[in-house]
J.: 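Okay, here's the structure, questions in a sec.
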Amino acid sequence: MSNDYREKLKNAKRIVIKVGSSTLTHDNGRLYLPRIDRLSMTISELINNDLEVILVSSGAISAGMGKLNLKERPRIMGIKQALAAIGQCELMNLYSKMFSTYNQIVAQVLLTKNDVDDPVKLKNIENTFENLLNQRVLPIVNENDTVSTYEISSMEQFGDNDTLSAVVAQLVNADLLIILSDIDGFYNGNPKECSDYVLINTVTEITDKERDFAGGQGTAMGTGGMVTKLNAADMVTKSGIHMVLANGVDPLIILDILEGKNIGTLFVGKEKISRNTDK
Ligand code: ADP
């Protein structure tokens, strides 16, 4: 049965890919350039194959830290916001350069929770995404940290890019959300705390049991941990969107996921995902 679900991923046409800070950065907070390059190559290849892709990318604060040569992530919100503003520019500059190597145009989309709650703004956002995708441009999305402290304080609303990626996946009616993290998938407990925990291949229902598995917060670089990834899975699967959580150590893994290979954890969407048949 699990393989039947995986087979469906081959039909995914519109895909949202989220990469976490732990994938994009070194432990010292600096950007991990070869990985960003592999990600750019992989996504460009998907778009060459007529898939529609949206990238939700963290890493702005890390990029800002690198630019200012800071060794430690600051704690004061205003400084984090300033770093995010510096780093977002730096990050997009880097993406723009790397993607242009593969002949791929990118666009920056910065969102806040208020934007998607307002019907007029929501329509504008939807239109922007549709037009960018029609032009085969890759939208690169992040929370607008200048006007919103949610992503960097992780207190409420979007709270983190896991939730943002789920909101975007729903908004564009994606077929699949792929979350790349520093872990092979969803385990029955935090594998960094105990090596006995095992990887779960397929989740068809998110219950209290899965919530227990997710436990608390993630790494120092990440903001979400497994709780927000599970919430993202809950949100999208209810909208009929599949979600795969996998290790972003080599972003080429995305190609294997789309070939239906048994990689990471698949959270099965409630309805059929194929846009080829229902659109
Ligand atoms: P990212 O920066 O990619 O968003 P996070 O650090 O926020 O990553 O979240 C991933 C981390 O969540 C893992 O490295 C792991 O330590 C932790 N985690 C907690 N519970 C689980 C679980 N049940 N399965 C896998 N990872 C878990």
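One-based numbering, in listed order, for ligands and for the atoms of each.
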J.: Can you list the ligand 1 atoms lying under 4.0 Å from a non-hydrogen atom of A214?
T.: 19 (C), 20 (N)

J.: Given that the side chain starts at C-beta and the backbone is N, CA, C, O, which of these parts of M226 lies under 4.0 Å from ligand 1, counting heavy atoms, or is it both or neither?
T.: both

J.: Going by heavy atoms, is K229 under 4.0 Å from ligand 1?
T.: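 Heavy atoms of K229 do come under 4.0 Å of ligand 1.
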
J.: Is a donor from one side chain sitting under 3.5 angstrom from an acceptor on the other, for E45 and T42?
T.: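 Side-chain D/A pair, E45 to T42: absent.
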
J.: Do Y187 and D196 have a side chain donor and acceptor closer than 3.5 Å?
T.: no

J.: With heavy-atom distances below 4.5 Å as the criterion, would you say the side chains of I257 and L9 are in contact?
T.: yes

J.: Answer yes or no: is there a donor N or O on one side and an acceptor on the other, between the side chain of K261 and the main chain of I253, under 3.5 Å?
T.: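 Not a single qualifying donor-acceptor pair exists.
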
J.: Just which atoms of ligand 1 are under 4.0 Å from any heavy atom in S21?
T.: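 Numbered from 1, ligand 1 contributes 2 (O).
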
J.: Can you tell which of G225, G248, G185 gets a heavy atom nearest to atom 9 (O) of ligand 1?
T.: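 That would be G225.
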
J.: Check the side chains of N262 and R6 for a donor-acceptor pair under 3.5 angstrom, ignoring hydrogens and angles.
T.: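 The answer is yes; a qualifying pair exists.
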
J.: Could you tell me which atoms of ligand 1, counted from 1 in the order shown, lie closer than 4.0 angstrom to a heavy atom of G189?
T.: 22 (C), 23 (N), 24 (N)

J.: Between R38 and D250, is there a salt bridge with N-O shorter than 4.0 Å?
T.: yes

J.: Using a 4.0 Å cutoff against the non-hydrogen atoms of K18, which atoms of ligand 1 qualify?
T.: 4 (O)

J.: Under 3.5 Å, N or O to N or O, is N190 touching ligand 1 that way?
T.: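 Yes - when backbone and side-chain N and O of N190 are compared with those of ligand 1, one distance drops under 3.5 Å.
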
J.: What about I183: any of its N or O atoms under 3.5 Å from an N or O on ligand 1?
T.: no

J.: Report yes or no: does G215 have a heavy atom closer than 4.0 Å to ligand 1?
T.: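 No, G215 has no heavy atom closer than 4.0 Å to ligand 1.
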
J.: Which bit of R211 is near ligand 1, meaning a heavy atom under 4.0 Å away: side chain, backbone, both or neither?
T.: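 The answer is neither; R211 stays 4.0 Å or more away.
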
J.: If you measure every N or O of F213 against every N or O of ligand 1, does any of those distances drop under 3.5 Å?
T.: yes

J.: Using a plain distance cutoff, I'd like to know if Y187 has any nitrogen or oxygen under 3.5 Å from a nitrogen or oxygen of ligand 1.
T.: yes

J.: So, is D162 polar-close to ligand 1, with some N/O to N/O distance under 3.5 Å?
T.: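 N/O-N/O distance below 3.5 Å does not exist for this pair.
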
J.: Please work out, at 4.0 Å between heavy atoms, whether the side chain, the backbone, both, or neither of S58 comes within that distance of ligand 1.
T.: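 Looking at S58 and ligand 1, no heavy atom falls under 4.0 Å.
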
J.: Assess, by modelled atom type and distance only, whether the side chains of N11 and D175 contain a donor and an acceptor separated by less than 3.5 Å.
T.: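 Looking only at side-chain atoms, D175 and N11 do not form any donor-acceptor pair under 3.5 Å.
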
J.: Please check if any side-chain donor atom of Y95 sits under 3.5 Å from a side-chain acceptor atom of S57, or the reverse.
T.: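 There is such a pair between these side chains.
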
J.: Without hydrogens or angle criteria, can the side chains of R211 and N231 be said to hold a donor-acceptor pair below 3.5 Å?
T.: yes

J.: Is the closest side-chain heavy-atom distance between L46 and I17 below 4.5 Å?
T.: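 Side chain of L46 against side chain of I17, heavy atoms only: contact under 4.5 Å found.
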
